Structure formats: C-alpha cells, structure tokens
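Worksheet for the structure shown next.
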Amino acid sequence: MSLQLLDTFKEKHDLNALKELPDSYTWSSMDGSSSSCGSELVPVINLEDSNAMKHVGHACKKWGVFQVTNHGIPMALLDNMEDSGRNLFSLPLHQKQKAARSPNGVSGYGVARISSFFPKLMWSEGFTLVEPPHEHAQILWPQGYGNFCDVIEEYKKEMNKLANRVMWLILGSLGITREDIKWEDLKEARSALQLNSYPTCPDPDRAMGLAAHTDSTLLTILHQNNTSGLQVHREGVGWVTVEPMIGALVVNVGDLVQILSNGLYSSILHRAVVNRTQHRLSVAYLYGPPSNVKIAPLSKLTDNVNPPLYRSVTWSEYLGTKAKHFNKALSLVRICGPINGFVDANDNHNSVLVR
Ligand SMILES: O=C(O)CCC(=O)C(=O)O
Ligand SMILES: [Fe+2]
C-alpha cells in the first residue's frame with residue numbers, strides 16, 4: 001500500500017474513537033506480532049559515573065540499547081515536550097490532517113512511515129519534524145503556536161548536546177579519539193524529531209503499535225512517557241520490554257554506528273506494543289551525520305584480518321536504500337561476507353527498517 005493511500009485510508013479511522021479492532025489493524029503472529037518476552041533488564045548507565053564510557057561500550061556490544069540517567073536534560077523540558085506531544089495528538093483528526101505529511105515528504109502528521117511495508121496498519125499516529133516546526137505549528141494552532149515551537153527548538157538543542165556526548169562515549173569505547181574523526185563534521189549533525197502516539201487499544205494483543213525495525217541513525221534518544229510499550233529484540237531471548245524510568249532516556253544504537261564500528265556494535269531491533277488502558281507517547285530524537293559526510297568503517301577498526309565490512313555511504317544514500325529495500329539495507333551496503341564467524345545480526349531480521 002502506498003503511503004498516500006494509507007493516509008487516505010487512515011482518515012476513516014480515528015484510533016481514539018474506535019471501540020473494536022478493525023481487521024485492517026489485526027496482526028497475526030505471521031505478521032510479526034509474536035509476544036515472547038524475556039525478563040532481562042536493559043542496562044541503565046549513569047552518565048556522571050567515571051566508568052560511563054566502559055559501561056556504554058559494554059551495553060553497545062551486548063545489547064545495542066541502554067538507558068541513561070544524569071544526562072543533564074532538565075526534567076521540566078522532558079515534561080514540557082510530553083505535554084506538547086499530548087496537545088498535538090489530542091487535536092481533532094481533521095485538524096491534524098491539515099498538517100499531514102505530503103506523499104513524498106518526511107515532515108508532518110501521518111501513519112508510521114514504515115507502514116507501507118506491512119500488510120496491516122499500526123495502532124499509532126506520528127508527527128515528524130525535520131525542519132523548524134513553525135510552518136506546521138501555524139497550521140495546527142493558528143491562534144497560538146509559539147509555545148509549541150519554543151519547546152521543540154529547546155528540546156532539539158538539548159538533545160543535540162546529549163547525542164554528541166553519547167556519540168563520543170560510544171566512539172571512545174571503541175578507542176576512537178577526536179583525531180581519528182573530522183569531528184567538526186559531526187558538530188553539524190543532522191537530526192529529526194519523531195513524535196509517536198499510541199492510543200489505548202480495545203484488543204492490544206492482536207494490534208501492533210510500531211512494527212519491528214532498526215533506526216537508520218547513528219543513534220536515537222527516546223523519551224517515553226511513564227507507560228511501557230517499547231520492546232527490544234535479544235538474540236536467543238525474544239522481546240524484552242524497556243521499562244520506563246522517570247527521567248531516564250533510552251539510547252538505541254542505529255545502523256550508521258553499526259557501519260562505523262565495522263559491525264562491532266549492532267543496531268538494535270525494536271518495536272512498540274500497545275495496551276488497553278493507558279495512552280502512550282514517545283519522542284524519538286533521530287541523530288545522524290551532516291549530509292555530505294561519508295560514513296564508513298573507521299580505519300582504526302579495520303586491518304588485514306578485519307577488512308571493512310561496509311562500503312561508505314552518506315546518510316541520504318543510506319536512507320534511500322532503506323526506504324527501498326527495508327531490512328536488506330545493511331546487507332546491501334556490505335562489501336564482505338561473514339568473516340571469523342561474524343554474521344550481520346540484521347541480516348536475519350524479518351522486519352522493516354525505515355526510520
Ligand atoms: O515508541 C517507541 O517506544 C519507539 C519509537 C521508535 O522506535 C521510533 O520512533 O523510531
Ligand atoms: Fe525506532
């Protein structure tokens with residue numbers, strides 16, 4: 001189904017008003033709604049800890065996801081961001097649709113962008129902001145949009161600082177120093193903000209909030225409200241819930257770090273499930289390199305025994321590949337077969353990866 005058709009289709013379905021799960025939203029285990037769950041705990045890292053870099057490296061290697069505390073983002077800003085998201089999604093459907101994502105566009109209101117790769121619809125609505133928010137905000141709140149824009153701008157600014165800091169912890173844990181990287185490039189990192197809303201669902205076990213995918217970023221910083229729903233996939237364990245911790249933020253390793261690290265750190269497969277009683281909100285800060293930067297395995301991490309496993313790509317090139325080839329994107333930029341038993345963890349993902 002094309003995204004345009006999906007958005008038209010969605011018009012008829014205000015998820016907040018549905019009392020029964022329509023067939024178009026009913027997932028079977030074959031569609032990927034399997035619910036096997038492990039009880040392991042995703043690592044929580046105190047960024048003020050003097051061993052933070054070591055812990056980050058360990059979490060990236062063993063998990064591909066971790067939560068951070070003492071990250072320096074004021075609690076009030078997280079609360080304001082959550083309130084802004086809530087305000088946005090509680091607008092009437094016809095109002096939100098005035099700011100709908102255009103057929104080939106990225107920014108705006110609409111169904112999850114990965115929807116077109118699945119036969120069933122997801123129980124969620126999203127709002128993507130790439131450019132400054134003013135244009136969309138003016139449409140949504142003709143009378144007063146200043147506050148929304150201020151919160152978004154402040155949130156992006158703070159998240160950018162944090163993402164840079166975490167990125168350096170990740171790179172540092174790989175033994176990469178500032179001399180090894182043209183860090184000025186990454187100072188101008190590009191980012192997008194993805195607001196996700198998961199309304200309460202009349203039949204959550206048969207619905208899917210956001211289907212399994214990895215993020216096409218360097219890393220993603222996710223703020224979830226106090227309602228669980230995010231799950232990450234652990235090899236040999238199954239789906240593990242990332243329990244919300246007040247004030248903590250989730251960091252996902254993205255596909256571009258998998259490329260940079262030459263597969264030492266794998267991006268994390270994750271999804272969002274829904275529930276019957278609590279509206280869930282999440283805000284993902286999608287962090288990537290500037291458009292002109294070529295991302296390739298870092299030379300310090302490759303040698304004759306460990307040749308580069310991926311060819312170099314810019315973020316835009318990679319997003320294009322992902323948009324077209326879904327879960328095969330990482331394999332498609334791969335230049336070497338498995339070596340020393342290393343298998344691209346993402347090759348087996350029966351999922352879609354356009355984020
Ligand atoms: O809502 C969540 O917890 C996940 C959101 C997500 O994975 C995304 O926006 O890429
Ligand atoms: Fe994601």
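Every heavy atom of this structure was used, including side-chain atoms; hydrogens, water molecules and symmetry mates were not. Throughout, residue positions are numbered sequentially from 1 according to the sequence presented. Just so you know, ligand 1 is whichever comes first in the structure, and atom 1 is the first atom listed for that ligand. As the structure is a prediction and not an experimental result, all values here were calculated from the model.
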Under the ring-ring contact (aromatic ring centres under 6.0 Å, His included) test, which residues partner Trp63, sequence neighbours left out?
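With neighbours one apart ignored, the set is empty.
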Strictly under 4.0 Å, does any heavy atom of Arg280 approach an atom of ligand 1?
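Judged by the 4.0 Å heavy-atom criterion, Arg280 does count as contacting ligand 1.
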Angle at the Fe ion (ligand 2), NE2 of His213 to NE2 of His270, rounded to 10 degrees, please.
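Value, to the nearest 10 degrees: 90°.
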Going by the order shown, which atoms of ligand 1 are within less than 4.0 Å of some heavy atom of [X]?
X	result
His270	7 (O)
Gln194	9 (O)
Ala284	9 (O)
Tyr198	1 (O), 2 (C), 4 (C), 5 (C)
Asp215	10 (O)
Leu210	5 (C), 6 (C), 7 (O), 8 (C)

Over-ring placement of Arg206 relative to Trp123, 6.0 Å and 45° cut-offs
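Pair Arg206/Trp123 does not count as cation-pi.
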Got a sec: does the NE2 of His325 have more than 12 other heavy atoms crowding it under 6.0 Å?
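It does: His325 NE2 has more than 12 such atoms within range.
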Locate the shortest heavy-atom distance separating Phe118 from Ala211; write the atom from each residue and the value.
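Heavy-atom minimum between the residues: CZ-CB, 3.4 Å.
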Of all N/O/S atoms in Asp215, which lies nearest to the Fe ion (ligand 2)?
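The closest N, O or S atom of Asp215 to the Fe ion (ligand 2) is OD1.
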How about Met245 and Val44: do any of their side-chain heavy atoms sit closer than 4.5 Å?
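They are in contact (side-chain heavy atoms under 4.5 Å apart), so the answer is yes.
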Are any of the side-chain heavy atoms of Leu230 and Arg271 separated by less than 4.5 Å?
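No, their side chains stay 4.5 Å or more apart.
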Please work out, at 4.0 Å between heavy atoms, whether the side chain, the backbone, both, or neither of Leu222 comes within that distance of ligand 1.
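Contact part for Leu222 vs ligand 1: side chain (C-beta onward).
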Stepwise salt bridge (Lys or Arg N to Asp or Glu O under 4.0 Å) check, Asp49 with Lys54:
CA-CA 10 Å; Asp49 185 332; Lys54 201 176 96 196; over 6 Å; no
Consider every N or O of Asn252 and every N or O of ligand 1, then say whether any pair is closer than 3.5 Å.
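No - when backbone and side-chain N and O of Asn252 are compared with those of ligand 1, no distance drops under 3.5 Å.
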Can Arg86 and Glu82 be counted as an ion pair, charged N to O under 4.0 angstrom?
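Answer for the salt bridge query: yes.
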